[in-house]
Amino acid sequence: MRSSVACMIELEGLTKRYGGKLAVDNLTFTVRPGVVTGFLGPNGAGKSTTMRMMLGLDRPTAGDVRIDGRHYDRLTDPLKYIGALLDAKAVHGGRSAHNHLLCLAQSNGIPARRVHEVLDAVGLTAVARKKAKGFSYGMGQRLGIAAALLGDPQILMFDEPVNGLDPEGIHWIRHLMKSLAAQGRTVFVSSHLMSEMALTADHLVVIGQGRLLADTSMAGFIAQNSRSYVRIRTPQRERLLDVLHEAGITAVESGSGVLEIDGGKPERIGELAAQHHIVLHELSPQQASLEEAFMQLTAESVEYHAHTDTPARPWGADWQKGD
Amino acid sequence: MSTPQSPMPQAAPPNWQAAAGPSHPGYTSPIPVVRTHLGHALASEWTKIRSVRSTMWTLGVFVLLVVGIGLLAGAAIAANASDGDLNGENPLSFGFFGLLLGSMCVITLGVLTTASEYGTGMIRTTMVACPSRGRVLTAKAIVFFAVAFVVTLVSASLVAVAQVGMLDGAREPSGAEWFKGTVGVSLYIALLGLLSLVVGSIIRHSAGAITIMIGLVLAPLVIALFMFSESLSDLRQALFEYSIPNQLSVFYSNSLTDSGPSGWDPLWIALGVTAVAFAGAYALLQKRDV
Ligand SMILES: Nc1ncnc2c1ncn2[C@@H]1O[C@H](COP(=O)(O)OP(=O)(O)OP(=O)(O)O)[C@@H](O)[C@H]1O
Ligand SMILES: [Mg+2]
């Protein structure tokens with residue numbers, strides 16, 4: 001029976017160790033129906049591993065994950081509970097899109113007409129008889145999404161679905177996820193782009209190096225983390241600081257002569273400067289991006305840094321020294 | 001590439017009838033719930049095996065080898081044998097060469113049935129759709145065995161009938177010889193393929209598993225050929241007798257040696273080995289990550 005806890009995914013102390021590497025570390029959270037839950041983390045954070053454990057593909061080292069109160073392998077017709085799009089193309093390239101979906105449908109006793117319905121829904125009807133290996137990346141993603149929708153499931157799980165999609169495809173999938181959630185389904189989607197999640201997700205789960213960093217509503221995260229400020233450059237720095245101080249406005253210096261005023265109104269500052277005949281070179285309202293907030297949150301847990309701090313050297317700089 | 005442009009998806013989200021009962025917050029699908037069983041997995045694996053070209057290739061080459069070599073051998077012997085040469089010979093036995101070569105195709109198909117899913121990543125999709133891993137392996141085994149057996153039986157019988165017709169000088173095979181030379185060898189070849197399927201599931205790598213299986217078929221015979229030392233003669237004899245080509249020839253009662261396996265022994269040996277390997281693969285499948 002589908003009980004009152006329908007469509008929930010519950011993780012309890014979920015842990016996965018690969019040899020010496022702790023990929024997922026004691027994760028506890030719940031994914032709820034009716035909303036899109038974003039699953040965020042930098043590369044290697046353990047998102048895909050967590051999803052594989054939810055689907056019974058990887059065995060947890062410790063802890064537990066339950067779908068609808070049950071372990072995944074206790075589901076008798078799993079495709080009607082969960083549809084999943086995994087990160088890697090999990091398709092035999094020599095099989096046609098139609099046959100790929102047909103063999104999945106048969107394994108769960110889903111009527112064959114559903115194959116045509118989902119092919120139509122993702123817009124692959126015209127290439128249904130073509131081999132999957134000839135598909136472009138976006139078409140492959142669509143085939144994966146068709147497979148996820150096959151059982152008309154209550155839970156949908158997408159691992160980085162917008163990867164490799166064109167803007168039109170991205171728009172389509174955002175719309176799809178939102179409408180699936182609006183129908184009362186549970187939608188769980190991973191990404192490493194905060195800006196992407198801000199547009200689709202209602203709830204946010206952030207992990208870094210396998211550990212839970214945040215489990216919050218999207219609105220709450222935005223309210224907490226999006227700082228708006230005014231950025232000013234002026235040759236008369238001291239005068240402006242005095243004037244602002246008299247007006248009760250606090251400004252902070254942020255290097256190279258730039259002043260920042262938290263929550264300030266550019267109109268008011270402009271008027272003050274005009275009254276006191278202060279020259280401004282820049283007066284611009286700024287919004288700290290959610291991306292920055294996300295990067296701050298995960299800063300300590302990012303494993304694979306690019307070395308952006310080493311200045312790029314001109315080609316041949318080494319051998320030109322001639323030593 | 002001639003693949004058409006990805007067509008425009010419909011802007012409208014799929015909305016297959018809204019949730020029926022608002023009794024709980026979740027979504028209720030109009031698709032009926034069924035309790036899945038082995039039958040569903042069998043239907044799925046049947047669709048899989050018939051919808052890839054490698055099946056057509058391996059089985060096509062198999063039939064070509066078995067029938068082609070069988071008929072050629074029959075014709076060559078019929079043309080060159082003088083009266084009396086074939087006296088007392090079992091005419092079915094000339095199907096041996098084609099089957100021995102053809103077994104490579106069955107081995108390849110067996111390995112591909114399991115290992116190719118690991119190569120392509122399809123195994124994840126398969127196991128998500130059917131989390132009962134044992135059921136997946138069992139369904140693959142049944143479908144593959146049935147296909148391999150039927151195709152081998154048809155080709156071997158065709159060759160047998162043709163050879164009995166061509167080789168006038170040979171004796172008429174008895175009923176038991178007919179049965180062993182058609183059904184018997186077909187079961188043996190299909191079992192060899194099934195063992196390959198199981199090895200593919202354990203190794204999870206197509207090329208590796210095929211190499212192992214071909215080694216298993218050929219190595220004992222080749223090693224025995226190079227064992228010159230007197231002290232090893234017993235081992236040499238055993239390697240000869242239990243090598244797969246020799247066991248295959250037992251089905252035509254023309255073993256290369258007089259001791260060693262006889263009658264239906266090769267089939268029981270293959271059955272035992274495959275059963276043990278299957279149990280191992282089954283246990284590993286439960287334990288390992290997909
Ligand atoms: N099968 C495996 N064997 C060994 N280590 C693994 C395996 N799968 C994942 N890992 C390791 O576990 C960690 C988490 O990997 P995972 O793929 O779950 O990260 P992710 O959050 O999905 O990253 P990305 O955003 O790059 O997809 C990584 O350090 C990875 O190297
Ligand atoms: Mg990943």
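Throughout, a chain's letter reflects where its sequence line sits, starting with A, and its residues are numbered from 1.
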- Heavy-atom pair count under 4.5 Å with chain B, highest-scoring of A:T76, A:L57, A:N108: A:L57
- Item | Top of A:R32, A:Q106, A:R52 for chain B proximity - count of heavy-atom pairs under 4.5 angstrom | A:Q106
- Task: Identify which part of A:Y137 has an atom lying under 4.5 Å from any heavy atom of chain B, answering side chain, backbone, both or neither.
- Result: neither
- Partner chain A: residue of B:R133, B:K287, B:M127 with the largest heavy-atom pair count (under 4.5 Å): B:R133
- Highest number of heavy-atom pairs under 4.5 Å with chain B among A:S107, A:G109, A:G56 belongs to A:S107
- Task: May I ask you to decide if A:I82's main-chain N or O and A:Y72's side chain share a donor-acceptor pair within less than 3.5 Å?
- Result: no
- Item | Over all atoms of both residues, closest heavy-atom pair of A:V36 and A:M177 | CG2-O, 3.6 Å
- Task: Considering only heavy atoms, give the residues of residues 35-53 of chain B separated from chain A by less than 4.5 Å, sorted numerically, with 'none' for an empty result.
- Result: B:R35, B:T36, B:H40, B:A43, B:S44, B:T47, B:K48, B:R50, B:S51, B:V52, B:R53
- Honestly, the part of A:L75 sitting under 4.5 Å from a heavy atom of chain B is backbone
- May I ask you to decide if the ring planes of B:F145 and B:F149 are parallel, tilted or perpendicular, using 30° and 60° as cut-offs? parallel
- Message: Less than 4.0 angstrom from a charged side-chain N to a carboxylate O is my criterion; do B:E117 and B:R124 meet it?
- Response: no
- Query: Any side-chain heavy atom of B:V147 within less than 4.5 Å of one from B:L59?
  - Reply: yes
- B:T114 side chain to B:L197 backbone, donor-acceptor under 3.5 Å: yes
- Item | Lys/Arg-Asp/Glu bridge criterion (N-O < 4.0 Å) met for A:D58, B:R288 | no
- Message: Can you tell me if A:R59 has over 12 outside heavy atoms packed within less than 6.0 Å of its CZ?
- Response: yes
- Task: Give the member of A:H92, A:M53, A:H171, A:H100 that has the highest number of heavy-atom pairs under 4.5 Å with chain B.
- Result: A:H92
- Note on the structure: Okay, B:S132 and chain A: the region with an atom under 4.5 Å from a heavy atom over there is neither
- Audit row: A:Y81, A:R70, side chain to side chain donor-acceptor pair (under 3.5 Å) steps and yes/no: CA-CA 11 Å; A:Y81 283 83; A:R70 281 183 288 173; 2.8 Å; yes
- Query: Can a salt bridge be assigned to the pair A:D68 and A:R66 using a cut-off of 4.0 Å between side-chain N and carboxylate O?
  - Reply: no
